Q: 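One structure is given below, represented as structure tokens, and several questions about it will come after.
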Amino acid sequence: MNMPISPKCRLEAARPAAGRTPCSLALIALTLAPLAALADLGNAKTIASGLANPRGIAFAPNGALYVAENGTGGTGPCVPSPPMPQVSRCYGETGAISRILPGGAIRRIATGLPSLALPNGTAEGGPAQLAFHGMTAYVNISLGGDPRDVRTSLSAGGARQANLFGQMLRVTPSGQYQVVSDVAQHEVVANPGGGAVDSNPYGLAALPGRRIVADAGANAIFEVLANGTTRTFSVPPALPGGRESVPTSVAEGPDGALYVGLLTGGPFFTGTASVLRMEPDGSATTTYATGFTAIVGVAFDTGGALYVLETASGFPTGGPPPTPGLGAGRLKRQCPGGTPELLVDGLTFPGGVAIGPDGAAYITNFGTSASLGEVLRLPLTPCS
């Protein structure tokens, strides 16, 4: 699914013989009710605004807060949207990695990164997630679709940085960047999830000697070693009824294991998404927490509590999807040994979550808007 975050979802009840049928998180955005004016975010307060399709969010070791802006696309060239081939998403170099300064000012550190956006401004490709190892940031450039087709078509039309889609970049504090790994090419070569070739790198964890990528198009977890070698780490199992897992987020837990949040394929029924626990070497996968919906972010605090960001509250089970849409996004927490609790409701297509050094939760909101993107800060009380 291609959301502005560009994760991929699947609408089919079971994988067809010809391969996967993509749908985009952009489709979720189109089904969301106009909730912004009605949202009651409780104690969550806006600390920065004016971001362009903000997705991932992370703190550097020095406490500085950074956001990946998917950008606003541009004047072209254009390629079809995977879930909506009748609609074009057009190229521009408007993606950015931005630092949120005290007082809410935005300083764009790395600019001119590639971006693909729909006519309504919703981005479907660009800087999607970032993670720090030391003061170096690692950034996934989301894509969606077969990278051979997308990158070739864009390059032929004159897009100078088309080949950066589907790649992982290393970004210095001064904004200089270089390619670390062509994650999408590994999907082309290995296609560990089977079906049609489809890459949309989103979730990212930067660990000593390796980076872990949740590729929501490939339905797989990839490992990128320090030398750039990319290999398959794990393939999450399909869900009951043949629905695809669609991993969108990954974080290292306090026990050293990796925790992976699932968007799941559509329809996005309430309470059908889970967080998986994977051994550090990928040798075993178990279900750690359940009862979530359309997960796009996971994080841990210093006390070991799990935070799960849902981009929508989903459809009720047992009947056809209702109108007007999938409902508002939410942030939930599961304390060690506890069950999920709702922390904030009424979010509008949130894209990422991070726990700050001050113990508060930070969330990107309006993640499918070209101009209304914001960062929220939610004070937290420790688990009892």
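Note that the structure is a prediction, hence the values are computed from the model and not measured.
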Q: Rounded to the nearest 0.5 Å, how far apart are CG of Asp345 and CD of Glu310?
A: 9.0 Å
Q: Is Ser369 reaching over with its side chain to a backbone N or O of Ser371, donor-acceptor style, under 3.5 angstrom?
A: yes
Q: So which heavy atom on Leu143 is nearest to which on Ala184, and how close?
A: CD2-CB, 4.3 Å
Q: Hydrophobic clusters here meaning ILVMFWY residues chained together by side-chain heavy-atom distances under 4.5 Å, can you tell me if Leu331 and Val296 are in one?
A: yes
Q: Determine whether Thr172 and Met135 make a side-chain contact, defined as any pair of heavy atoms from C-beta on separated by less than 4.5 Å.
A: no
Q: Looking at Thr229 and Leu225, would you say the former's side chain and the latter's main chain have a donor-acceptor pair under 3.5 Å?
A: no
Q: If you count heavy atoms of other groups shown closer than 6.0 angstrom to CG of Asp149, is the number above 12?
A: yes
Q: Can a side-chain donor-acceptor contact be found between Asn140 and Gln129 if the only test is distance below 3.5 angstrom?
A: no
Q: With no hydrogens and no angle check, is any side-chain donor or acceptor of Thr248 less than 3.5 Å from a backbone partner on Tyr202?
A: no
Q: Go through Leu204 and Arg211 one step at a time and tell me if the side-chain contact (heavy atoms from CB on, under 4.5 Å) criterion holds.
A: CA-CA 7 Å; Leu204 178 60; Arg211 320 292 169 243; 4.1 Å; yes
Q: Leu343 versus Leu380: any side-chain heavy-atom pair under 4.5 Å?
A: yes
Q: Rounded to the nearest 0.5 Å, what separation is found between the OG1 atom of Thr122 and the CZ atom of Phe349?
A: 7.5 Å
Q: Could you pull out the closest heavy-atom pair between Asp301 and Gly303, with the gap in Å?
A: OD1-N, 2.9 Å
Q: Output, in order, the C-alpha distance, side-chain angles, deciding distance and verdict of ring pair (Phe, Tyr, Trp, His ring centres under 6.0 Å) for Tyr362 and Phe59.
A: CA-CA 10 Å; Tyr362 291 78; Phe59 282 89; 5.0 Å; yes
Q: Rounded to the nearest 0.5 Å, what separates atom OG in Ser142 from atom CD in Gln167?
A: 13.0 Å
Q: I'd like to know if the side chain of Thr285 reaches the main chain of Met278, judged simply by a donor and an acceptor atom lying under 3.5 Å from each other, with no hydrogens or angles considered.
A: no
Q: Are any side-chain N or O atoms of Asp198 and backbone N or O atoms of Asp146, one a donor and one an acceptor, separated by less than 3.5 Å?
A: no
Q: Any non-hydrogen side-chain atom of Arg151 less than 4.5 Å from a side-chain atom of Gln161?
A: no
Q: Once the angle between the rings of Tyr66 and Phe132 is folded into 0 to 90°, is it parallel (under 30°), tilted (30 to 60°) or perpendicular (over 60°)?
A: tilted
Q: With the side chain counted from C-beta on, respond yes when Val260 and Ser249 share a heavy-atom pair under 4.5 Å apart, and no when they do not.
A: no
Q: Can you tell me how far the CG atom of Leu276 sits from the OG atom of Ser234, to the nearest 0.5 Å?
A: 8.0 Å
Q: Has Thr94 got a side-chain atom pairing as donor or acceptor with Thr72's backbone, closer than 3.5 angstrom?
A: yes
Q: Treat each ILVMFWY residue as a node, draw an edge where side-chain heavy atoms are under 4.5 Å apart, and state whether Leu262 and Phe268 are in one component.
A: no
Q: Side chain of Thr348, backbone of Phe366: donor and acceptor closer than 3.5 Å?
A: no
Q: Of all heavy-atom pairs between Thr136 and Arg170, which one has the smallest distance, and what is that distance?
A: CG2-CG, 3.2 Å
Q: Walk me through it: do Phe300 and Tyr307 pass the test ring pair (Phe, Tyr, Trp, His ring centres under 6.0 Å)?
A: CA-CA 6 Å; Phe300 284 91; Tyr307 295 80; 8.4 Å; no
Q: Distance from Leu372 atom CG to Ser49 atom OG, nearest 0.5 Å?
A: 9.0 Å
Q: Quick one: OG1 on Thr339 to CD on Gln334, what's the gap to the nearest 0.5 Å?
A: 6.5 Å
Q: What's the shortest heavy-atom distance between Leu207 and Glu252, and which atoms?
A: CD2-OE1, 3.4 Å
Q: Taking the side chain as every heavy atom from C-beta outward, state whether Arg89 and Cys78 have any atom pair closer than 4.5 Å.
A: no
Q: Using the rule that Ile, Leu, Val, Met, Phe, Trp and Tyr join whenever any side-chain heavy atoms are under 4.5 Å apart, tell me whether Leu65 and Ile355 fall into a single cluster.
A: no
Q: Is a donor on one side and an acceptor on the other found under 3.5 Å between the side chain of Ser115 and the backbone of Gly73?
A: yes
Q: Heavy atoms, side chains only, cut-off 4.5 Å: are Val250 and Ile221 in contact?
A: no
Q: Does Ile141 reach the side chain of Leu169, with side-chain heavy atoms less than 4.5 Å apart?
A: yes
Q: Side chains of Asn163 and Ser155, heavy atoms from C-beta outward: is any pair under 4.5 Å?
A: yes
Q: Ignoring hydrogens, what is the shortest heavy-atom contact between Pro280 and Gly256? Give both atom names and the distance.
A: CG-O, 3.3 Å
Q: Can you give me the closest heavy-atom contact between Val188 and Pro147, atom names plus distance?
A: CG2-CG, 3.4 Å
Q: In this structure, which one of Thr230, Asn191, Thr232, Asp215 forms a side-chain hydrogen bond (donor to acceptor under 3.5 Å, both in side chains) with His186?
A: Thr232
Q: Closer than 4.0 angstrom, basic N to acidic O: yes or no for Glu341 and Lys332?
A: no
Q: Looking at Thr368, Asn365, Ile57, Thr364, which hits side-chain contact (heavy atoms from CB on, under 4.5 Å) with Pro350?
A: Asn365
Q: Quick one: does Arg277's side chain have a donor or acceptor within less than 3.5 Å of a partner on Thr287's backbone?
A: no
